[in-house]
Amino acid sequence: MDVRPLRRRDFRLLMASGVITMFGSFITIVAVPFQLKQLTGSYVAVGVVGVAELVPMVLGGLWGGAIADAADRRRVILWCEAGMAVCTGALLVNALLPHPAVWLLYVVAGAVAALDGLQRPSLDALIPRLVPRDEVTAANALQGVRWQVGAIAGPAVGGVLVVAAGVPVAYAVDVLTFVASIVLLFALRPVPPSAEAERPSLGGILRGARYAWSRPELLGTYFVDLAAMFLAMPMALFPFVADALHARWALGLLYAGLPAGAMLVSLTSGWASRVHRHGLAVLVAAGVWGLAIAGFGLAPDIFTALALLVVAGGADMVSGLFRSTIWNQTIPDHLRGRLAGIELLSYSIGPTAGQLRSGVMAGAVGLRGAVVSGGLLCVGAVAACAALMPGFTRYDERTDPHRRSDEPQPAPAI
């Protein structure tokens, strides 16, 4: 793995903060539905959490992108982190009551989603200000590890905590991780906006959208990711797959398969900095994702299914790695926050809508038919994107006219 970005003090602080806070957040991601199940016993009540989160995240992401271009990104990240700590504290207090309020869980879920949407563009747009251009791909891979550690270890620890120690303990651990993260973020140097920054406004958001529409290579990253996630995201069907393969004991492993594959790619990603045809790499990776998901739907046993999920997770990480590199290497600093807000929509709406699609299709054509057809449709959609967007397919970072230039440079490596 290329670890050059870790030589830079501020990137190390951001990375450490992210690992800690993601670990705690995934514990709460387990605790909230567990508590709802305890309080209501309703499948619908648990599923509504996703609905409560979607709209606040979309609105927060769009407005957070505009704020990221106009404010000190470090300050935005800090305030949002503090806000999420307060929200988790509210969950802790509620869980300690004799009769916890169900409505509060939905309110807090929506508030955290909005704060996450506000924070994410500043986090994404901060990376190119902390590392030089030739280390952006390596920094994206390291940031992927931050998410993968949380996605694998957080649910595992959270599952043990809620059963063995209780939901309040799980929330308390998350609050402590937020405190540790905030301490690390305070040590970051300020990251002031660029000289061309403009005040947050609806007009500014629309100007960012028009800029994205003018760049075929950016549109390619959005469309390919939306197609892959909407057409071939099978996570909602994992409990049914475990039953069909007579392996209920492996349900947790199914959920861990995708992040495990992503982790393997991240830890061996030194080769990625030597790849220059990023658009083609995204297309190939998305095609492999679709084929792996189709194979997962045909898997005759749980071990084959798990292996194919690992392959799919690795392919998704490759796609995400080069999509992030295109964004961070070519988008001007004064627009990067707003474009990060648009990117947030592309990789948050796709999986949410994709799980709904897979559930509806499974009811219509059966479990295997839904998974296999989704994977094959993904491959077809990726091929269509390659044919209809030749500029994206030909994209080469060495000849791209939108290369970053005249931007504030990060501190030297130490």
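What you see is a predicted model; the values in this text were computed from it and never measured.
Ile20 is listed as a side-chain neighbour of Leu184, based on a closest heavy-atom distance under 4.5 Å. Taking the side chain as every heavy atom from C-beta outward, Val310 and Leu306 never approach each other to under 4.5 Å. Annotation: side chain of Arg9 is in contact with side chain of Arg189 (closest heavy-atom distance under 4.5 Å). Side-chain contact between Met233 and Cys378 is absent, with no heavy atoms from C-beta onward closer than 4.5 Å. Residues Val371 and Ile293 form a side-chain contact, since some pair of their non-hydrogen atoms from C-beta on lies under 4.5 Å apart. Between Thr330 and Tyr395, some side-chain heavy-atom pair lies under the 4.5 Å cut-off. Proximity of Ile77 to Leu188: side-chain heavy atoms (C-beta onward) are nowhere separated by under 4.5 Å. With a 4.5 Å cut-off on side-chain heavy atoms, Trp79 and Gln119 do not count as touching.
Taking both residues in full, the closest heavy atoms of Ala294 and Leu376 are given as CB-CD2, 4.1 Å, listed atom of the first, atom of the second, then distance. Nearest heavy atom pair, residue Leu309 against residue Leu254, reads CD1-O, 3.5 Å. Of all heavy-atom pairs between Phe178 and Thr21, the closest is CE2-OG1, 3.3 Å. Contact record, Tyr106 with Leu36: OH-CD2, 3.9 Å, taken as the closest heavy-atom pair. The two residues Ser122 and Val76 have their closest heavy-atom pair at OG-CG1, 3.4 Å. Residue Ala85 comes nearest to Val175 through the heavy atom pair O-CG2, 4.4 Å, listed as atom of the first residue, atom of the second, then distance.
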Could you go through the side chain to side chain contact (heavy atoms under 4.5 Å, CB included) check for Met15 and Val145 one step at a time? CA-CA 9 Å; Met15 181 77 179; Val145 171; 4.2 Å; yes
Does the pair Tyr211 and Leu218 meet the rule for a side chain to side chain contact (heavy atoms under 4.5 Å, CB included), with working shown? CA-CA 9 Å; Tyr211 176 82; Leu218 295 182; 4.1 Å; yes
Given side chain to side chain contact (heavy atoms under 4.5 Å, CB included), test Leu231 with Trp289 step by step and report yes or no. CA-CA 11 Å; Leu231 295 171; Trp289 160 271; over 6 Å; no
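Sorted by first and then second residue, the side chain to side chain donor-acceptor pair (under 3.5 Å) pairs involving residues 376-385 (not counting sequence neighbours) form an empty list. Identified under the salt bridge (Lys or Arg N to Asp or Glu O under 4.0 Å) test for residues 108-128, with sequence neighbours left out: Asp116-Arg120. Applying the side chain to side chain donor-acceptor pair (under 3.5 Å) test to every pair with at least one member in residues 148-169, sequence neighbours left out, gives these pairs: Gln148-Ser266. Listed by first and then second residue, the side chain to side chain donor-acceptor pair (under 3.5 Å) pairs that reach into residues 369-387 come to none, sequence neighbours excluded. Residue pairs meeting the salt bridge (Lys or Arg N to Asp or Glu O under 4.0 Å) criterion with at least one member in residues 224-247, sequence neighbours excluded: Asp225-Arg323, Asp243-Arg248.
Arg73 contributes a side-chain N or O that, together with a main-chain N or O of Ala68, makes up a donor-acceptor pair within less than 3.5 Å. Between the side chain of Thr325 and the main chain of Leu321, a donor-acceptor pair closer than 3.5 Å is present. Within the 3.5 Å criterion, the main-chain N or O of Gly337 finds a donor-acceptor partner in the side chain of Asp69. At least one donor-acceptor pair under 3.5 Å links the side chain of Asp72 to the backbone N or O of Val191. A distance-only check finds no donor-acceptor pair linking the side chain of Arg338 to the backbone of Gly65 [under 3.5 Å].
Expressed to the nearest 0.5 Å, how far CG of Leu105 lies from CG of Asn94 amounts to 6.0 Å. For the atom pair Trp271 CH2 and Thr137 OG1, the distance stands at 9.5 Å (nearest 0.5 Å). For the atom pair CH2 of Trp147 and CE of Met263, the computed distance is 9.5 Å after rounding to the nearest 0.5 Å.
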List, one per line, each side-chain donor-acceptor pair under 3.5 Å for residues 385-394, sequence neighbours excluded.
| from | atom 1 | to | atom 2 | distance (Å) |
| --- | --- | --- | --- | --- |
| Thr393 | OG1 | Ala386 | O | 3.2 |
| Thr393 | OG1 | Met389 | O | 3.4 |

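Using a 4.0 Å cut-off between charged side-chain N and carboxylate O, Arg4 and Asp134 make a salt bridge.
The neighbour count for Tyr222 OH, taken as heavy atoms of other residues, nucleotides or ligands under 6.0 Å away, is above 12. Around the CZ atom of Arg75, the shell of radius 6.0 Å holds no more than 12 heavy atoms that belong to other residues, nucleotides or ligands.
Below 30°, between 30° and 60°, or above 60°: for Trp213 and Phe223 the angle between ring planes is above 60°, a perpendicular geometry.
Remark: the Asp174 side chain and the Thr177 side chain contain an N/O donor-acceptor pair separated by less than 3.5 Å.
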